Protein chains: 2
Amino acid sequence: MKDTQISPSEWEVMRVVWTTHPITSKEISRILNEKKDWKLATTKTLIGRLVKKGMLTTAQNGRQYDYSPAVTEDESLKEASGHLLNQVCTRKVGELIEMMIESSTLSIGDLESLENIIQMKKENAPEVVACGCIPGQCTCS
Amino acid sequence: MKDTQISPSEWEVMRVVWTTHPITSKEISRILNEKKDWKLATTKTLIGRLVKKGMLTTAQNGRQYDYSPAVTEDESLKEASGHLLNQVCTRKVGELIEMMIESSTLSIGDLESLENIIQMKKENAPEVVACGCIPGQCTCS
DNA sequence: ATAAATAGTTTACATCTGTAATCGGTAGAT
DNA sequence: ATCTACCGATTACAGATGTAAACTATTTAT
């Protein structure tokens, strides 16, 4: 139930570890060099912070560590998307998701999955979403 | 085309101004008191920062200011959702959107709108989304 | 006219983030 | 047995963020 935050830079590291683990700091750094002009020290700092935040686990391997994710990408994504969703009136969430779909490239398969979920959702969808905003923070009222 | 960031606390203020404008700092603070235990000074600081960032415009009105948004909520939401989308492999965006739909309450109308957009999208949807990740940051390869 | 209430501005200060250099210990090379 | 390369840990430091007190100028009530 903790709500530790993964910063954007830290996220870059997490993505590497989610993709490959266990993995060493050296390897993480090597991979990220393709994308970020970070010194090895920078990557190590981020790794250290992620360990402290409990997002990475360590396994001693000789004089070094092997890192593995302590949280899944999906969990973290749920967290992150939750933050975004909380920034708008619940009644505006549909619009937000529309915007996201519009601005994304999605495959036929993706779109079909979405259709299915939407179909499901429709079974129990309310006529109108309740707005939980305080007066003055949205125009629903 | 600049990329000034609206922080979570600042976002609370923006939502008030998006809802009602022009509006005074006093009124913004009064509205937010319902939700945040902020001192008037805190709200003023956030307003000041938003003005400096160019997210709010001011119009002198006697000894005080009337504030109005300099960016729309939709623009800002697009920005914010773009950040989220950029945190995952393009090929995983569909899954992310699925998660968001699943964890949200959407009205029949919302769902129908989404269906329409998806229908449109399907006309030009690729069989598979191209992955733009560097090797090691996603499992597509 | 003076005092009290206000409005915005400046300053404050701890934490988080981005980015990195340096330190301290140890495994491997000579 | 030393020296060197390398690992994680510690320290650094500026900018962003959360939260707010203090300051300055002005308006309004007494």
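Keep in mind that this is a model prediction, so the values were computed, not measured. In what follows, chains are A, B, ... by sequence order, proteins preceding strands, each numbered from 1.
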Task: Residue pairs, two or more places apart or on separate chains, that pass ring pair (Phe, Tyr, Trp, His ring centres under 6.0 Å) and touch residues 6-30 of chain B - done: B/W11-B/W18

- [ ] Please work out if B/K52 contacts a base, only the sugar-phosphate, or nothing of the nucleic acid, heavy-atom cut-off 4.0 Å.
- [x] nothing

Task: Those residues of residues 19-33 of chain A lying under 4.0 Å from DNA chain D by at least one heavy atom - done: A/S25, A/K26

- [ ] Could you please name the option among C/dT19, C/dT17, D/dG8 that lies closest to any side-chain atom of A/S9?
- [x] C/dT19

Task: Side chains of A/E12 and B/Q87, donor plus acceptor under 3.5 Å - done: no

All N/O donor-acceptor pairs, side-chain side in residues 49-59 of chain A, below 3.5 Å, sequence neighbours left out:
residue, atom, partner, partner atom, Å
A/K53, NZ, A/Q5, O, 2.9
A/K53, NZ, A/E10, OE1, 2.8
A/K53, NZ, A/E10, OE2, 3.1
A/T57, OG1, A/S68, O, 3.3

Task: Donor + acceptor pair across side chains of A/D110, A/S113 (<3.5 Å) - done: no

- [ ] Using a strict 4.0 Å threshold on nitrogen-to-oxygen distance, state whether A/E102 and B/K121 make a salt bridge.
- [x] no

- [ ] Output yes when a side-chain donor or acceptor of B/S81 lies under 3.5 Å from a complementary backbone atom of B/L77, and no otherwise.
- [x] yes

Task: Sidechain-backbone polar pair: A/T43 side chain, A/S29 backbone, donor-acceptor under 3.5 Å - done: no

- [ ] Give the rounded distance in Å between these two atoms: CD of A/E12 and P of C/dT17.
- [x] 15 Å

Task: Atom-to-atom span, CD1 of B/I6 to P of D/dG18 - whole angstrom - done: 12 Å

Task: Inter-residue atom distance A/R15.CZ - A/L32.CG, 0.5 Å rounding - done: 9.5 Å

Task: Spacing of A/L46 atom CG relative to C/dG18 atom C1', expressed in whole Å - done: 8 Å

- [ ] With rounding to the nearest 0.5 Å, note down the distance linking CD1 in A/I118 to CG in B/L106.
- [x] 8.0 Å

Open item on the list: Distance check needed: C/dC16 P versus A/M55 CE, whole Å only.
Closed with: 14 Å

Task: Rounded distance in Å - CG (A/L40) to C1' (D/dA9) - done: 14 Å

TODO: Could you name each residue pair satisfying salt bridge (Lys or Arg N to Asp or Glu O under 4.0 Å) that touches residues 61-77 of chain B, not counting sequence neighbours?
DONE: A/K92-B/D74

Open item on the list: Let's see if you get this right: which residues in residues 68-78 of chain A place a heavy atom under 4.0 Å from DNA chain C?
Closed with: none

TODO: Quickly work out the A/K53 NZ to C/dC16 C1' distance and round it to whole Å.
DONE: 7 Å

TODO: Take atom CG of B/L50 and atom P of D/dG18, then tell me their distance rounded to the nearest Å.
DONE: 10 Å

Open item on the list: I need the CD-C1' distance between A/E10 and C/dC16, as an integer number of Å.
Closed with: 9 Å

Open item on the list: Within a 6.0 Å radius of atom CG on B/N61, are there more than 12 heavy atoms belonging to other residues, nucleotides or ligands?
Closed with: yes

Might you list the N or O atoms of the protein lying below 3.5 Å from N or O atoms in nucleotides 20-30 of chain C, with each pair's distance?
residue, atom, partner, partner atom, Å
C/dA20, OP2, A/K39, N, 3.4
C/dA20, OP2, A/T42, OG1, 3.2
C/dA20, N7, A/T45, OG1, 3.0
C/dA20, N6, A/T45, OG1, 2.6

